[in-house]
Amino acid sequence: MLLSKGYEVHGMIRRASTFNTGRIDHLYHDPHGNGDKVNLYLHYGDLSAPQSLTDLVYNVQPDEVYHLAAQSHVRVSFDMPEYTGDVTGLGTTRILEALRRSGSKARFYQASTSELFGSANPPQNEDTPFLPRSPYAAAKMYAYWMVRNYREAYNMFATNGILFNHESPRRGETFVTRKITRAAASILAGRQKNLYLGNLDSKRDWGYAPEYVEAMYMLMQIDQPGDFVIGTGEAHTVREFLDEAFGYINLDWHDYVHIDPRYFRPTEVDYLLADPTRANQMGWKPRVTFRGLVRIMMDADLEALGLPSPG
Ligand code: GDP
């Protein structure tokens, strides 16, 4: 979205021995080719390495920083609590410090999360007290407060976007929505027989990621930084997601889905539902419905296997 608006975009990339740029390969332009120049630059760095962040700020001199990086998987955060605290929590402080020390006037966006609300009663808005229920949420809570403190202490334009779950065909394959749409397509293709899931009763306010990116951008262009809830105001169970996904291709998920306790979380977040009144008043309203979202994701996973869209 930033590229389409004419921005020069610099991304930080973690070195791995396998390729990990699949989601942006369609944007990347081979510097040795002859095509149009794309204003996208990637730099090696890591949230656990402060030097790499200082270098990045110094070299790029950014106007806007969208901090979306994290160890972002809730279930995995129970297996790697300290790493999650380091990367998701302290990592945010390291970027804030790199900006502050350099005297940067950059606007800073923090990917806060509805997981902060944890077991707080729905619907949740900007005034709802946080009750985090995972190492991931606790790390994000620390980051949330550091952002607020840097805003107040140093007068930085630092904003928390408290986004509820947002999904798209690019969602990581181990999050429940994408896990379901990929498996449903694969089952229809005859490549897979079973799908193993955890808690089917939890409710989430699932929205369409491209619209949430518009919200992030909007929050960075307004006059004042702050803390803002972004969500649809509609929640569904994992079960309902299964109904929509498998129903779309005329299959009954009960024939394929099995419960594997491995996917249960030691503490679960049962019910997340946004009260997006404030965002709505600012002019942000999602257009893609729950059913529409499931179908966009299903169509993409069907297409990846060479199957036609039923819609
Ligand atoms: P989260 O809201 O950030 O934790 O996003 P997820 O997509 O990982 O999980 C959403 C909900 O789906 C949680 O309540 C999970 O417990 C539930 N869930 C049920 N089965 C699964 C599964 O197999 N994988 C994942 N990731 N979540 C599952």
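Start at 1 and go down the list; that is how both ligands and their atoms are numbered. Because only heavy atoms are used, hydrogens play no part in the values below, and waters and symmetry mates are left out as well, while side chains stay in. We number each residue from 1, following the sequence as shown.
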Check: Could you give all pairs that pass the salt bridge (charged side-chain N to carboxylate O under 4.0 Å, His left out) test and reach residues 172-189, with sequence neighbours left out?
Finding: E173-R178, R178-D301
Next item on the list: Around atom 19 (C) of ligand 1, find the nearest protein heavy atom and jot down its residue, atom name and distance.
Entry: N199 O, 3.1 Å
Item checked: Among V176, T113, D205, closest by any non-hydrogen atom to atom 18 (N) of ligand 1 -> V176
Notebook entry, point to check: Is the backbone N or O of F164 less than 3.5 Å from a side-chain atom of H166, with the two atoms forming a donor-acceptor pair by type?
Noted result: yes
Check: Of all the non-hydrogen atoms in the protein, which one sits nearest to atom 24 (N) of ligand 1, and at what distance?
Finding: T174 O, 3.8 Å
Check: Does T177 reach ligand 1 with a nitrogen or oxygen that is under 3.5 Å from one of the ligand's nitrogen or oxygen atoms?
Finding: no
Item checked: Atom pair OH (Y66) and CD (E64), whose distance is rounded to the nearest 0.5 Å -> 4.0 Å
Notebook entry, point to check: Does the cation-pi check pass for R100 over Y154, that is, NZ or CZ under 6.0 Å from the six-membered ring centre and within 45° of its axis?
Noted result: yes
Next item on the list: Indicate yes or no: does an N/O atom of G198 lie under 3.5 Å from an N/O atom of ligand 1?
Entry: yes
Notebook entry, point to check: For ligand 1, does L197 get within less than 4.0 Å through its side chain, its backbone, both, or neither, judged by non-hydrogen atoms?
Noted result: both
Check: Which one of E234, E244, E240 satisfies the salt bridge (Lys or Arg N to Asp or Glu O under 4.0 Å) criterion with R291?
Finding: E244
Notebook entry, point to check: Within less than 4.0 angstrom of ligand 1, does H73 place any heavy atom?
Noted result: yes
Just list the side-chain donor-acceptor pairs under 3.5 Å for residues 111-123, sequence neighbours left out, or say none.
residue: S112; atom: OG; partner: N160; partner atom: OD1; Å: 2.8
residue: T113; atom: OG1; partner: E115; partner atom: N; Å: 2.8

Notebook entry, point to check: For ligand 1, which atoms have a heavy atom of V74 less than 4.0 angstrom away?
Noted result: 3 (O), 4 (O)
Notebook entry, point to check: Does the side chain of E97 come under 3.5 Å of the side chain of Y150 through a donor N or O and an acceptor N or O?
Noted result: yes
Margin query: Ring centroids only, cut at 6.0 angstrom: are F175 and H73 within range, meaning strictly under it?
Written below: yes
Check: Relative to atom 9 (O) of ligand 1, which among R265, R204, R75 owns the nearest non-hydrogen atom?
Finding: R265
Next item on the list: Consider every N or O of Y263 and every N or O of ligand 1, then say whether any pair is closer than 3.5 Å.
Entry: no
Next item on the list: Kindly confirm or rule out an N or O of E268 lying under 3.5 angstrom from an N or O of ligand 1.
Entry: yes
Margin query: Just by distance, no angles: are the side chains of T92 and Y142 close enough, under 3.5 Å, to form a donor-acceptor pair?
Written below: no
Notebook entry, point to check: Does an N or O from S202, backbone or side chain, lie closer than 3.5 Å to an N or O of ligand 1?
Noted result: yes
Item checked: For atom 5 (O) of ligand 1, closest protein heavy-atom neighbour -> N165 ND2, 3.5 Å
Notebook entry, point to check: For ligand 1, is K179 a contact, meaning one of its heavy atoms is under 4.0 Å away?
Noted result: yes
Margin query: Show the atoms of ligand 1 that are less than 4.0 angstrom away from any heavy atom in E115.
Written below: 1 (P), 2 (O), 3 (O), 4 (O)
Next item on the list: Report yes or no: do D86 and S48 form a side-chain donor-acceptor pair below 3.5 Å?
Entry: no
